[in-house]
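Only this structure's heavy atoms are used, side chains among them; waters, hydrogens and symmetry mates stay out. On a predicted model such as this, the values are computed, not experimentally measured, just so you know.
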Amino acid sequence: MQREMIERAKALLADGTVNRVIGWKAGEFDYDITPAVFTTAEELDAGFLYNDLCAANLSKYLIKESRKEGKILAFLKPCDTYSFSQLLKEHRIWRDHVYVIGVPCEGKVDVDTVKSKGITGICSMRCDGETVRVETLYGEESIKKDEAMADRCLNCKSKKHVVYDELMGEEGDVLDSHRFDMVEKLENMTPDERFAFWRGELSRCIRCNACRNVCPACTCEKCVFDNDASGIAQKAAVDSFEENMFHIIRAFHVAGRCTDCGECSRVCPQNIPLHLLNRKFIKDIDELYGEYQAGADPDTKPPLNTFTQEDAEPSVIYERGGNK
Amino acid sequence: MQRIGVFICHCGTNIAATVDVKAVAEALKHEPGVVFSTDYPYMCSEAGQNIVKDAIRDYHLSGVVICSCSPRMHEATFRKAAAVAGLNPYMVEIANIREQCSWIHKDIPQATEKAITLGKAAIAKVHLNAPLYAGESPVVKRALVIGGGIAGIQTALDIADAGFPVDIVETKPTIGGKMTQLDKTFPTLDCAACILTPKMVDCAQNENIKIYSYSEVTDVKGFVGNFTVTIKRKARYVDETKCTGCGICTEKCPMKKVPNEFNLGMNNRSAVYIPFAQAVPKVATIDPEHCNMLKKGKCGLCAKVCTAGAIDYKQKDEFIEEQYGAIVVATGYNPINLDKFDEFAYSQSKDVITSLEFERLTNAAGPTSGTLLRPSDGKHPHTIVFVQCVGSRDTSGCGKEYCSKICCMYTAKHAMLTREKYPDTDVYVFYIDVRTPGKSFDEFYRRAVEQYGVHYIKGMVGKIVPQADGTLAVQASDLLDNKQLHINADLVVLAAAIEPDKSARPLATMLTASMDTNDFFTEAHPKLRPVESPTAGVFLSGTCQGPKDIPETVSQAGAAASKVIGLLCKDKLTCNPCVAHSDEWMCNGCSACEKVCPYGAITYEDKEFRMPDRTTAIRRVAIVNEAVCQGCGACTVACPSGAMDLKGFSNSQIMAEVDAICK
Amino acid sequence: MENKVTKETILRISGVNPRKCMRCGKCSGTCPSYDEMEYHPHQFVYMVENGEIEPLLKSKSIYKCLSCFACVERCPRDVEPAKLVEAIRLAVIRQQGENHLKPETIPEVLNADLPQQAIVSAFRKYSK
Amino acid sequence: MLKLPIAKLDEFFAAIAAKETLYLPVDNEGGQAQYKEWKEGVSLSRALNTVRSAKDFFFPQTENLMEFKTQGKAIEVIDSRKESEDFVIFGVRACDARSFTILDKVFLVDPVDTYYKTRREHGTIISLACTRPEETCFCPLFGIDATEPEGDMRGWMTEDALYLEPVTEKGTALAQALGDLLEDADAAPVEEQKENTKKILEKLPFSKLDMEEFNGDNLLKLFDSPKWAGLSEACLGCGTCTFVCPTCQCYDIRDFNTGHGIQRFRCWDSCMYSDFTRMAHGNPRLTQLERFRQRFMHKLVYFPSNNDGEYGCVGCGRCLSKCPISMNIVKVIKTLGEDK
Amino acid sequence: MQVNNSEFKPKIVAFCCNWCSYAGADLAGTNRLNYPADVKIIRVPCSCRVNPMFILRAFQRGADGVILCGCHPGDCHYTTGNYYTRRRMTLLFSMLDYLGIEKERTRVEWVSAAEGAKFAATMNDFVETVTKLGENKRLEDLRCKEK
């Protein structure tokens, strides 16, 4: 696939369709891949990479890139196309400056997940079918791919590309995932248990803004948390209230817009399962206002910017069964 | 830092009795920015306002906080006073220490503490107030009256008389409303038709009035001065411009067994019909539910006999869009459905009728040509029982909890007229209370008793059982005599409660006008603004606002007209300056605000920006049309970046209030 | 201690708020036992409201009421006079302090047509 | 050389905690290590290092500096510093232990940061030698010996014992205070462990990077290098690298209105943030390129120029493993180092 | 929650839309309908003006309960504002609940200008509920509580 992609990118560069290519660039090890813009065939040959470790969602870069001169070729995974489509819906990306090639994704290996299995000193990592072979400072290891993937890939919502100019490989389908299982599990806890759970998670937050800055829904010209005039600006979470505040408001601001790409949880240096906040909103929206997948199509009104006269009353949350 | 003056009103004892106003003035004096703090018995009085004006000048105040009654009461008063003294009126904030403090709390220390907190919140807000300047929007000099009864007619005539064009939309084929169905009117007993029909004709002839009969309002957009209304002209299958109202079609129509709604189904009409002789417009209408031509494609007789060639079976509903500066609601009332009152046997016996049916039975244009005859056998009734308060003052869920107001008087009228025309008739009126507050009303009622010998009985009818001999066994209590009465009546007349027309509720939604739980339109103020709806530019006329008799309806109709005229006289309206505003540097151009704006006040523009890093960028940013924005603030929350804020109720102002309250 | 039946007792047993009455008399207008009764349904409401409980306790009227509930059904203000009558009856029975119905006797008197509700209310009334 | 049987580890922690607060790396809900206060039942993490560095103890992420209260026209300034108490940090790795030296060069030079100084004086550091370095480790590049960490007392953990060696007076005092819990021991097992670890350290991929380019003489050349554009283009501008870094020392001072007064606090800042060092006129570094460059120029050029060649990096590798887009100091050193 | 609550006076912030609920609150006053002084009202043009930030802010600053009152759905002075409020607040409150924060501390009620009695009853009920819950501990900001 990588070879094909490079060839196609070179061809599009050569015929002038595009003048840049955004993709993934190899790092020092196999897993430390950096998103990068390539402008020449040589650069592509030297560094362009696409494999089961290319996890970054490239769509957010296109906000800036699409405003530059000329057209950019973007390789987008199914996940990324949802974000891309949502950004188009919000007029954040100039569509005619982007040439999208959809590329398949079989689920990405997550180095933190591998590390969490006790494998340390990873110098090299290679996917071999369903097995991931790891070379470490302390010898070779192998792990099943299923065990090396993060929740977002284990519970992949869709292998379908919702926007593209061209598709490489076969088109996939929207999948039935179990992505709300953990949300449901939390909902079934008592409020005290939930409070303890989230305090345990959110108290680790170091307010590095990685979740926000990587999020393709967080594209504000100026985030309210950076804006002293907003009244809620914070540079560091001084106390537990501010930790909660940041994550509640962030989740609320992306509610109905979050495509559940899972980048927030991937980049969190403290392994906070931030996607569980977003998924709660998605689950509530699905249950209360009908199934809605952000980015799935360009027309459906975002659930928070529309209504029906028959919508549930807020009291529904007092009434929902169990400890929900 | 603002220089703030704080003014605490005693409101006589309304505030001062529960709030220690001196303590409030003293406590607020030490708030940051406060340079003057005082109290006065009546801040809204001229002397009180002068204290405010003087302080603004003497202390160079940049902000004013009035601790008084609700801002809904006197915010405008104090803003005006501030403006006179040279302060921007939007630098005034009101702390509501009467309705929301002194009147609800009894404990003086508690109420005083709350008043201080409310004052502090207002001070905190004023610190962040900025002078606001109202924009202007043009006024479309045309009014719409929805409903063509006496209320609508009177309003339209008055507006037209002042020289403004006005349109009447009436759902029925003719204007005139309920009053056309009445026989005589109390307390003067003049004939309803005699006084109403000239007004109907006036409407038709007035150049400034356009009547959309057999039409409905289906959509309302816009705001005061600039409403865009969609009117559905239902197909009447008769070309209004050609029909002469000669009535030949109605005579020739073979389908003659359609219940005549004008006579409340007590006789029949043809499928093509003119509701009554004096209808305006006097134009035939084909009832598509009963016309054989429209239903089965067979007949076509009316088209053949119409010399004017007015019949058009192919006519379709037509939608027209019109611009109006003001809208008057005059949707009127209907008697309630009596199905829930089995005890009165309304649905079991033809001889149990409503008062409105009684009107038709005594009306010369009615089914009996004005002779009072029993609907069942056409015989003259000798004993008539009138039952008042049927469904009125009823909290059991079967009826309405309010008093329908008109029943006492029309029942007295009916009883009196019956006794006058048919002195051999025994007339009983069962009442709970007789309510006759009105000019010459009680005299009228007493005449019924004293001069005409109507038997007024304090008590209620418990049940009515139709007998085999055709009479009605009426069982009732006489509370004053402490007896149960059994009367064999020939006719029973029920004074059914009245309720707002069913079309009012969806109309209120379209107009964003508020309604009470009974579906009567709410007035902007129950005493001081009784003919205005809280929605600017929407006015109320007649029984859509509450039960009323004819004189009251007419006077309210005139009042609504004068309010409309006052509005239409203006060339421009001052807009509410508390509107949304987008900080284009923070705007993402994501369209979230546009999607939630109910007024379409937000548009987008690709704008060139000189960025801080000295590059140029073209960015899509939101622009708010200040004349169209009504200041609800929906956009401010939809906006994730906080670029959209609301003047006068900004994020920082509201948060400052929150802080002050929670301190 | 003397078991004085007060207005409050009656109001508590019946759950009726006599102040809701607007004196329309429809209860008495509809009452089928009116002529048999010394005190009529509307009077029960007045009298309880005025605290005149004694005469009601002594009156035969409470046994003339058929409990047809027409007055309850037709009252436009939801006052429910029949519940007052029932409450007075209950007060009288309670004053007597007799135990008329024992659980043991139930099987004997049990009848397939007897509504469950009747048994329960009979217990409430006649059992100690 | 002192020795503590591993079975007595809890006893050892308890003995320290009885005197002063003891912090040590503990596994958290995220499956990673963080410093937590030792209490009965808390066990030492087996992870190589904590996500957040040990600098938190002396330079916490947020710290109240003072409070203001106004009454009428008067302003009262309140020192909100709490009475500092002695504390012990156990398990500091060699990289973090070195980071204190770097931070001292910032905070303890004139004008002395008294908040930092007080904490520094009250803290006793028991460092712990590494045995299983990660591929991201490159402390040898900065002359740090992971098997011989700095600190008031240094320790080596073997299968069956914890070996301790007091280094400073504070360390000696602590060792004495623990009394006969610690026994004198032969250093042979420690030497053996050191040998084994050194073999791994030798294999570390970044421990021998060429640093020749990075000195004050090349300042302008490096500053103007066209390569910054490529290096920084994917940078998200988040603060992860700076917040996990043991040597990043920038902070912002902010006021918070509590409703009862003003709390003036400082909190970590990140040169990656768009509002970093924003002043009245605006931001001196307007693009992410400039901000990104600032971070690495500071660590690799400005800091050593001002501090006798000491780099502002200790090679802990946290930024390598935590950067969301896997851009890091090693890639910068490699890319710019090529231009010799 | 076994706390002696007799002394506890909750702080309640009520956001009321100008057209219905604020007028309803005024009517409650006009009719002298009593409710605790712990309730303080903030006037907003429409319930849809209430940003989740305001609600969190109130909790931060020491509120123990936040109630939002607007026109009944369908009666919004601005046609549709309260429909958005309804969705926003349902989701927000659900999220607070998800984080283990007592859901009873937040409420939305529709109170028309004619419902003075409902306003007073609602406030009485809400104050009672929040009093039972006791002090807001889960969304508090200690900095703001220190005196």
Given a strict heavy-atom distance threshold of 4.5 Å, which part of B:F341 is in contact with chain C: side chain, backbone, both, or neither? side chain
Where does B:D342 contact chain C at under 4.5 Å (heavy atoms): side chain, backbone, both or neither? neither
Partner of B:S477 under side chain to side chain contact (heavy atoms under 4.5 Å, CB included), chosen from C:S28, C:C27, C:C24: C:S28
Just so I know, are the side chains of C:R23 and B:I432 near enough to count as touching, which here means a heavy-atom distance under 4.5 Å?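 The answer is no; the side chains never approach within 4.5 Å.
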Any side-chain heavy-atom pair from C:Y39 and B:N482 closer than 4.5 angstrom?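 No. Closest side-chain heavy atoms not under 4.5 Å.
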Pair C:H40-B:L479, side chain to side chain contact (heavy atoms under 4.5 Å, CB included): steps then yes or no: CA-CA 10 Å; C:H40 306 122; B:L479 291 185; over 6 Å; no
Against chain C, residues from residues 393-402 of chain B with at least one heavy atom under 4.5 Å, in numeric order, are B:R393, B:D394, B:T395, B:S396, B:E401
Is any residue of residues 449-464 of chain B within less than 4.5 Å of chain C by heavy atoms, and which ones? B:K458, B:G459, B:M460, B:V461, B:G462, B:K463
Kindly check if the number of other-residue, nucleotide or ligand heavy atoms within 6.0 Å of CD (C:E49) is above 12? yes
Is it the case that more than 12 heavy atoms not belonging to C:K20 sit under 6.0 Å from its NZ atom?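 Yes, enclosed.
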Portion of C:E73 that has a non-hydrogen atom of chain B nearer than 4.5 angstrom: neither
Given heavy-atom pairs under 4.5 angstrom as the criterion, report whether the side chain, backbone, both or neither of C:C31 touches chain B.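 For C:C31, the contact with chain B is made by backbone and side chain together.
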Point-to-point distance, once rounded to the nearest 0.5 Å, from NZ of C:K26 to CZ of B:F430: 13.0 Å
In terms of heavy-atom pairs under 4.5 Å, which option from B:K483, B:Q475, B:Q484 contacts chain C the most?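 Most heavy-atom pairs under 4.5 Å with chain C: B:Q484.
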